[in-house]
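For reference, the structure discussed in these notes is given below.
Predicted model only: the values in this text are computed from it and were never measured.
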Amino acid sequence: MTGSPHPPGPKFLLLQGHLELGSGLGRSNSWTCCPCISQKSPLQTIGEEQTQNPYTELLVLKAHHDIVRFLVQLDEYRFASAGDDGIVVVWNAQTGEKLLELNGHTQKITAIITFPPLEVCEEKNQLILTASADRTVIVWDCDTGRQVQKVSCFQSTVKRLDIWLSGGNDLCVWNRKLDLLCKTSHLSDTGISALIEIPKNCVVAAVGKELIIFRLVTPTGESLEWDILEIKRLLDHQDNILSLVNVNDLSFVTGSHVGEMIIWNILDWTVQARECNFWDPSPQLDTQQEIKLCQKPNDISIHHFTWDEENVFAAVGRGLYVYNLQMKRVIACQKTAHDSSVLHIAKLPNRQLISCSEDGSVRIWELREKQQLAAEPVPTGFFNMWGFGRVNKQASQPVKKQQENAPPCSLELIGDLIGHSSSVEMFLYFEDHGLVTCSADHLIILWKNGERESGLRSLKLFQKLEENGDLHLAV
């Protein structure tokens, strides 16, 4: 069972610094002709005794009445959820207690992000900003539940420094009081699907197949007016861009509907690397291998990225791929990590990766180096004198080449979290409080480290006994 797609309507994006959250990304409705291996990889499974999976306890949180699409961490112990019912709920990540319910939107919420305190507010409480298909943006005080600010007629929004950029069919610049400072001309009927901030007062906007670089011109002594200028258009993608994120101080990465990943130089906007063969990361030795049409373009769509210092992790169709930035190649993959499209991925400590899918599953993976195969022994003895048993060098060359081209690492399944009955949209990771997942089944699940929770319960019990003076009797 999968979640229902987003109904048509305005697109919203919220960005603070290098964080991008959004929905409604453009997709082609036509089939795409692309090479893919006709034989599907089997889905990796794991037994009931998941010895390396720490999340053995769960709490089911109920407050929403429709698909829950977004989660955002507020601090070390709180998070907020939002979705198609237009409600924002603030939760305690440790206990699962519902702290606040924020009502103000009349249609689905399309993005949510934490927001720095406004200068007009004396109290420096935690704020969040939500955007909705009702074309409103609301700033909320997460400590009191109060609406700090509400503005209507927005297309989509991006926060940057002390100004706002809103992107629909054009790009507008607003101040903190939400007065329009300047705007571009009409960009596209499809609208902006993703925005990130890059150096030199620039912004990258994904519009269909194109990346458009804009530069923000700030007021000077000669001119007090703001301006937004189009600097360059990058036309390297063949289909709609679905994913756009900053990787580090030197690069940003884009992913398209037909499985193209491009890594860009963040300063001069040139292509640093390109990967277009996610459906088959290692070169094929058999040139006659069967090629067929992909009847499901989503099988190679790049839905999401995450990264660390060494690698970019890509959710491609139903699979997971690890692309090494230095080697400029795929070093590990699980072609069929889930039964349906992977929607969200995140890096965990200890070389672990977590993924969730339309099939309702949440899976934990570990990146491991493959063991090198032992060298083939040289034949000796009587039969070798006559050529029997002699190694066929010509036959061994393809095998050697295959070993060289094979990914040097693997993604091993170490945990399978089954609890949702429909598409899992995204998740949050708390170092001390576990995982939080949200789903099209209207539920939020708080996954707990069973060993840690058992220790905390024992500690609380001993503390209570000590307070009551019964500790010596219990012992």
Side-chain angles (χ1 to χ4, degrees), residues 1-7 9 12 14 21-23 55 57-115 125-134 136-148 150 343-344 346 354 356-358 360-362 417-430 432-449 453:
M1 185 182 300
T2 60
S4 59
H6 289 273
F12 285 80
L14 295 178
L21 290 173
S23 61
Y55 303 109
E57 296 184 9
L58 61 86
L59 292 173
V60 178
L61 312 182
K62 298 180 180 181
H64 290 277
H65 313 295
D66 209 327
I67 299 174
V68 188
R69 297 191 186 273
F70 301 106
L71 300 169
V72 62
Q73 183 172 345
L74 304 179
D75 48 39
E76 294 182 356
Y77 69 94
R78 290 184 304 168
F79 69 94
S81 60
D84 288 6
D85 57 8
I87 300 171
V88 181
V89 181
V90 180
W91 305 87
N92 184 309
Q94 182 177 8
T95 64
E97 178 188 0
K98 177 181 171 182
L99 302 176
L100 291 171
E101 183 174 306
L102 312 179
N103 293 276
H105 291 294
T106 58
Q107 296 184 37
K108 67 169 185 170
I109 292 173
T110 53
I112 180 173
I113 196 171
T114 56
F115 185 66
N125 293 344
Q126 176 65 62
L127 304 178
I128 57 172
L129 187 148
T130 56
S132 169
D134 63 12
T136 63
V137 172
I138 301 177
V139 180
W140 306 88
D141 186 325
C142 292
D143 295 325
T144 65
R146 181 174 60 92
Q147 286 189 20
V148 177
K150 182 175 182 178
L343 300 181
H344 192 80
I354 182 171
C356 65
S357 166
E358 289 180 346
S361 65
V362 180
L417 308 182
I418 305 298
H420 289 289
S421 61
S422 190
S423 173
V424 179
E425 302 296 314
M426 67 173 296
F427 48 79
L428 290 177
Y429 169 72
F430 285 85
D432 295 327
H433 307 305
L435 294 171
V436 185
T437 57
C438 64
S439 170
D441 61 12
H442 310 175
L443 300 178
I444 296 167
I445 295 182
L446 185 55
W447 305 87
K448 293 288 190 177
N449 184 319
E453 293 301 309

Using 0.5 Å steps for rounding, measure from the SG atom of Cys356 to the CE atom of Met426. 8.0 Å
With a 4.5 Å cut-off on side-chain heavy atoms, are Leu435 and Ile354 touching? yes
CD of Glu453 to CD of Gln94: how many Å apart, nearest 0.5 Å? 7.5 Å
With rounding to the nearest 0.5 Å, note down the distance linking OG in Ser422 to NE2 in His442. 8.0 Å
With rounding to the nearest 0.5 Å, note down the distance linking OH in Tyr55 to CG in Leu417. 8.5 Å
If you define the side chain from C-beta out and look only at heavy atoms, does anything of Leu61 sit under 4.5 Å from Ile445? no
Has the side chain of Asp143 got a donor or acceptor atom that lies under 3.5 Å from a matching backbone atom of Asn125? no
Return the orientation label for the Trp91 and Phe79 ring planes: parallel under 30°, perpendicular over 60°, tilted otherwise. parallel
Given the rule in the side chain to side chain contact (heavy atoms under 4.5 Å, CB included) test, do Val424 and Leu343 qualify, once you have shown the distances and angles that lead to the verdict? CA-CA 8 Å; Val424 179; Leu343 300 181; over 6 Å; no
Ionic contact status for Arg69 with Asp84, cut-off 4.0 Å: yes
Side chain to side chain contact (heavy atoms under 4.5 Å, CB included) between Val68 and Ile444: does it pass, once the steps are laid out? CA-CA 8 Å; Val68 188; Ile444 296 167; 4.2 Å; yes
Let me see the working for Val72 and Phe70 under side chain to side chain contact (heavy atoms under 4.5 Å, CB included), right down to the final yes or no. CA-CA 7 Å; Val72 62; Phe70 301 106; over 6 Å; no
Do side-chain atoms of Thr130 reach the backbone of Ile112 as a donor and acceptor pair under 3.5 angstrom? no
Side chain to side chain contact (heavy atoms under 4.5 Å, CB included), that's the test. Do Val90 and Leu74 meet it? Break it down for me. CA-CA 9 Å; Val90 180; Leu74 304 179; 3.8 Å; yes
Gln73 (side chain) donor-acceptor with Asp75 (main chain) under 3.5 angstrom: yes
Verdict with reasoning, Asp441 to Lys62, per salt bridge (Lys or Arg N to Asp or Glu O under 4.0 Å): CA-CA 10 Å; Asp441 61 12; Lys62 298 180 180 181; over 6 Å; no
So do the side chains of Val88 and Glu101 get within less than 4.5 Å of each other, counting heavy atoms only? no
Looking at Ile128, Asp141, Ile109, Ile138, which hits side chain to side chain contact (heavy atoms under 4.5 Å, CB included) with Leu102? Ile128
What's the shortest heavy-atom distance between Glu425 and Ala440, and which atoms? OE2-CB, 4.3 Å
Locate the shortest heavy-atom distance separating Val137 from Ala131; write the atom from each residue and the value. CG2-CB, 4.3 Å
Could you measure the distance from the OG atom of Ser81 to the CG atom of Leu428? Nearest 0.5 Å is fine. 10.0 Å
Tell me if a side-chain donor or acceptor on Ser132 pairs with a main-chain N or O of Lys108 at a distance below 3.5 Å. yes
Would one find more than 12 heavy atoms of other residues, nucleotides or ligands at under 6.0 Å from atom CD of Gln147? yes
Determine whether the aromatic ring centres of residues His344 and Phe427 are separated by less than 6.0 angstrom. yes
Report yes if the side chains of Trp140 and Arg146 come closer than 4.5 Å at any heavy-atom pair, otherwise no. no
